[in-house]
There are 2 protein chains.
Amino acid sequence: MDGEPPGAAARMRDVARVAQVSAMTVSRALKDPERVSPEVRARVEEAVRQVGYVPNRLAGSLSSSRSNVIGLVVPSIDNSLFASTIQGISDVLRRHGHELMIASSGYGEEAEEAAIRAFLGQRVAGLILHDTTHTPEAVAMIRRAGIPVVENGTLTRHPLDMVVSYSNHDAAMAMMRHLLRLGYRRIGFVTLPLAANERSRDRRRGYAAALEEAGLPYDPRLVLEVPPGLAAGVEALDRLLDGGGDPDAIFFAGDVLAIGAALECTRRGWPVPGRVAIAAFDNIDLLGHLVPPVTTLRLPRHEIGRRSAEVLLDRIQGRATGPLTVDLRFEIIHRAST
Amino acid sequence: MDGEPPGAAARMRDVARVAQVSAMTVSRALKDPERVSPEVRARVEEAVRQVGYVPNRLAGSLSSSRSNVIGLVVPSIDNSLFASTIQGISDVLRRHGHELMIASSGYGEEAEEAAIRAFLGQRVAGLILHDTTHTPEAVAMIRRAGIPVVENGTLTRHPLDMVVSYSNHDAAMAMMRHLLRLGYRRIGFVTLPLAANERSRDRRRGYAAALEEAGLPYDPRLVLEVPPGLAAGVEALDRLLDGGGDPDAIFFAGDVLAIGAALECTRRGWPVPGRVAIAAFDNIDLLGHLVPPVTTLRLPRHEIGRRSAEVLLDRIQGRATGPLTVDLRFEIIHRAST
DNA sequence: CTTGCTGGAGTTACCGATATCATAAACCGG
DNA sequence: CCGGTTTATGATATCGGTAACTCCAGCAAG
């Protein structure tokens, strides 16, 4: 009855036959309705509905060498922090009829390179990378492909192309100044692995810069590098308090570390900041509900996503050219824990 | 010097020219190296490196009508709960050389339909949908496309194709039995909006079923429907305690609601479960660090992602056919809050 | 009435791969 | 040393669209 094998998607020429026009006219009617007569447009629309036509974007992109897909590489998807950036990107892209492909690098440059290669294979129109350090081969591929790129992780001093972020250095420094202003002098610093990314390194530079500015020594017994996770925060708390550095405050510059530590203080019945003050990086909602609520930084996670997508689209659609650095703002949320 | 305009990506024929073979041979050397002679293979590999060739998958997929992209639609990306499922999917896909496209439906069927349409336009090889209710048009499109689909949200009774999930009904019921066994009799139930999805409805059915099984009445004063978020948990706590239902325990069957409530109890210095017992759904890490640690359900989030990707790939690669329901297990984590 | 222009629709080539078939060399037992 | 098979490679058509050009009718101006 059908004339077509089942499972075969309708093609443009099927629509054309039904609407009694050429395939080219169907293409025009769909992409640029102004350029066909109203009657033809109506016939085409009807035919599209009738055969259940969904345009093949593989063919479209191949032919026009224009893609509507953006590739995103994040260190890990399983992390609410990237989630909110992803949501921001996704919101903007969808509004502009673009699609989002996501890959995670597992915090490794090799995996990032593989993801980038795969995305370039899909001929994405642009890339958003969270990390700011890349393999030479990855950089070379991106250069050859000549597509716009946004980096997100920190305001790196060696951008590939465009950067949309906040300054991890300045944010850490601002928090340190805040603590110093409150009178804390022996401030511990807990960071995620420094080798893994520039963000953590920038934060530690900010920590060190604030100490130097205040004329205080950098005491290695006050600095700790730990893996991510609640449990690591608890462990860091113990190790710093027992480590001989005798901290009066601890600045947790990594995701969920502060939460683990703060909850542990509650569990032990330690007064915060009486026993030790606690400051965090990000995660503002939850930290505000802890007892006591924890001082932290509000970071523009969602905004980073939105703006990244926007500047990328600006370039793709020819509204802008050249490198660009967008410095988004952070904010210190002062609460009872410090 | 170059012969090619800058920005033009190398094509297969460029590789072919350099390697002094035909394009077809390049194609074979890359896809099925066994089928070309060792010397030719070496020449091709060298040429690929030399010109920086990245195969165009748009062209490849169009030609072979075989795609390596999977489309995923989640209600919201900005949610750690989906994040871990996404990570599971992504891990499996990457290992098999497939790509992942993600869209969020914002908890609306219309938006889901739009996302599905876009994905079908990209000729994805398969779909993973978190929601289990869809517009008729979305269902029709998927049927026409004839691609495999996995639904994730709950063990729906009307699956489109394959389902990988756990039973929200049974999970809620199991938690209720747990609470009833502990002697609680006036158990409050806080849920996310029921209209939005089948998951929440299944959970409430489980709540009701457990009550009936125990011969207890369903008291509307003990049931509350609230939006997601920490603050909503706090509000729910207040409203249930003041609502005349006089609960001795509250079962928070929605993301982060229980966390908000538990932290609020800490803040007010209420003993838990002395004042009221608290049970949660999911989020097991964080809940275990609260004071007191909160009883909850361990849900197979990551596993859902992994298995979904696996069954999808099985179908795509012809290793399996037909509908399939995978019932993954949940587990009650009994802690001090109940 | 001719010329030139305009707007709507059609024709053809092509995007960059792969499927399919064709071809030539290598191989092999009798 | 030959017919027949295997093996490596190439030629060509095609996937489903779009770019760029062509064509033709209708109309205004000269």
Side-chain angles (χ1 to χ4, degrees), chain A residues 4-5 7-44 47-48 51-69 118 120-125 144-145, chain B residues 4-5 7-44 47-48 51-69 118 120-125 144-145:
Chain A
E4 290 292 344
R11 295 149 303 174
M12 195 172 259
R13 79 179 58 142
D14 300 320
V15 176
R17 188 168 355 93
V18 171
Q20 299 182 301
V21 294
S22 72
M24 195 60 234
T25 300
V26 174
S27 176
R28 277 196 279 258
L30 295 178
K31 212 181 40 176
D32 199 0
E34 309 297 299
R35 289 173 41 68
V36 303
S37 70
E39 319 121 76
V40 166
R41 196 185 315 157
R43 284 218 307 280
V44 169
V48 164
V51 304
Y53 176 63
V54 179
N56 186 332
R57 292 212 156 250
L58 298 179
S61 297
L62 177 60
S63 177
S64 63
S65 42
R66 219 173 293 131
S67 154
N68 69 333
V69 178
L120 295 181
Q122 306 287 346
R123 296 301 188 264
V124 295
R144 274 198 299 268
Chain B
E4 290 291 343
R11 297 149 301 172
M12 194 171 261
R13 78 178 59 138
D14 300 321
V15 176
R17 188 170 352 94
V18 172
Q20 298 182 300
V21 293
S22 72
M24 195 59 235
T25 300
V26 175
S27 176
R28 276 196 279 259
L30 295 177
K31 211 181 41 175
D32 199 0
E34 310 298 298
R35 289 172 40 69
V36 303
S37 70
E39 320 123 76
V40 166
R41 196 186 314 158
R43 284 219 307 279
V44 169
V48 164
V51 304
Y53 175 64
V54 179
N56 185 332
R57 293 214 155 248
L58 297 179
S61 298
L62 177 60
S63 177
S64 64
S65 43
R66 220 173 294 130
S67 153
N68 69 334
V69 179
L120 295 180
Q122 306 285 346
R123 294 304 187 263
V124 295
R144 273 197 299 269

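Order of the sequence lines sets the chain letters (A, B, ...), proteins ahead of strands, with each chain counted from 1.
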Under 3.5 Å: donor-acceptor pair, side chain of B:S63, backbone of B:A59
no

To the nearest Å, how far apart are B:N68 CG and C:dA17 C1'?
14 Å

Expressed as a whole number of angstroms, how long is the span from A:L120:CG to C:dG16:P?
15 Å

Which nucleotides of nucleotides 15-25 of chain D have their base under 4.0 Å from a protein heavy atom (B), which only their sugar-phosphate (S), and which neither (-), written as one string 5' to 3'?
BBBBBB-----

Rounded to the nearest 0.5 Å, how far apart are OG of A:S61 and CD of B:Q122?
6.5 Å

B:R123 and B:V69, any side-chain heavy atoms less than 4.5 Å apart:
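The answer is no, as the side chains (C-beta and beyond) never meet within the 4.5 Å cut-off.
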
B:N56 side chain near B:M12 side chain, heavy-atom distance below 4.5 Å:
no

Return the minimal non-hydrogen interatomic distance between B:V18 and B:A47, and the atom names on each side.
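Distance-wise, the nearest heavy atoms are CG1-CB, 3.6 Å.
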
Contact summary for A:V44 and A:V15, nearest pair of heavy atoms
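Reported closest heavy-atom pair: O-CG1, 4.2 Å.
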
Could you walk me through whether B:R57 and A:L58 pass side chain to side chain contact (heavy atoms under 4.5 Å, CB included), step by step?
CA-CA 9 Å; B:R57 293 214 155 248; A:L58 298 179; over 6 Å; no

Side-chain donor-acceptor pairs of residues 23-36 of chain A under 3.5 Å, sequence neighbours excluded:
from: A:T25; atom 1: OG1; to: A:S22; atom 2: OG; distance (Å): 3.1

For the helix from C:dC1-D:dG30 to C:dG30-D:dC1, what is the angle between the axes at its two ends, each from 5 pairs, rounded to 10°?
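The end-segment axes of the helix from C:dC1-D:dG30 to C:dG30-D:dC1 are tilted 40° relative to each other.
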
Does a side-chain N or O from B:S22 land closer than 4.0 Å to OP1 or OP2 of D:dT9, or not?
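So the side chain of B:S22 is outside the cut-off, no N or O lying under 4.0 Å from OP1 or OP2 of D:dT9.
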
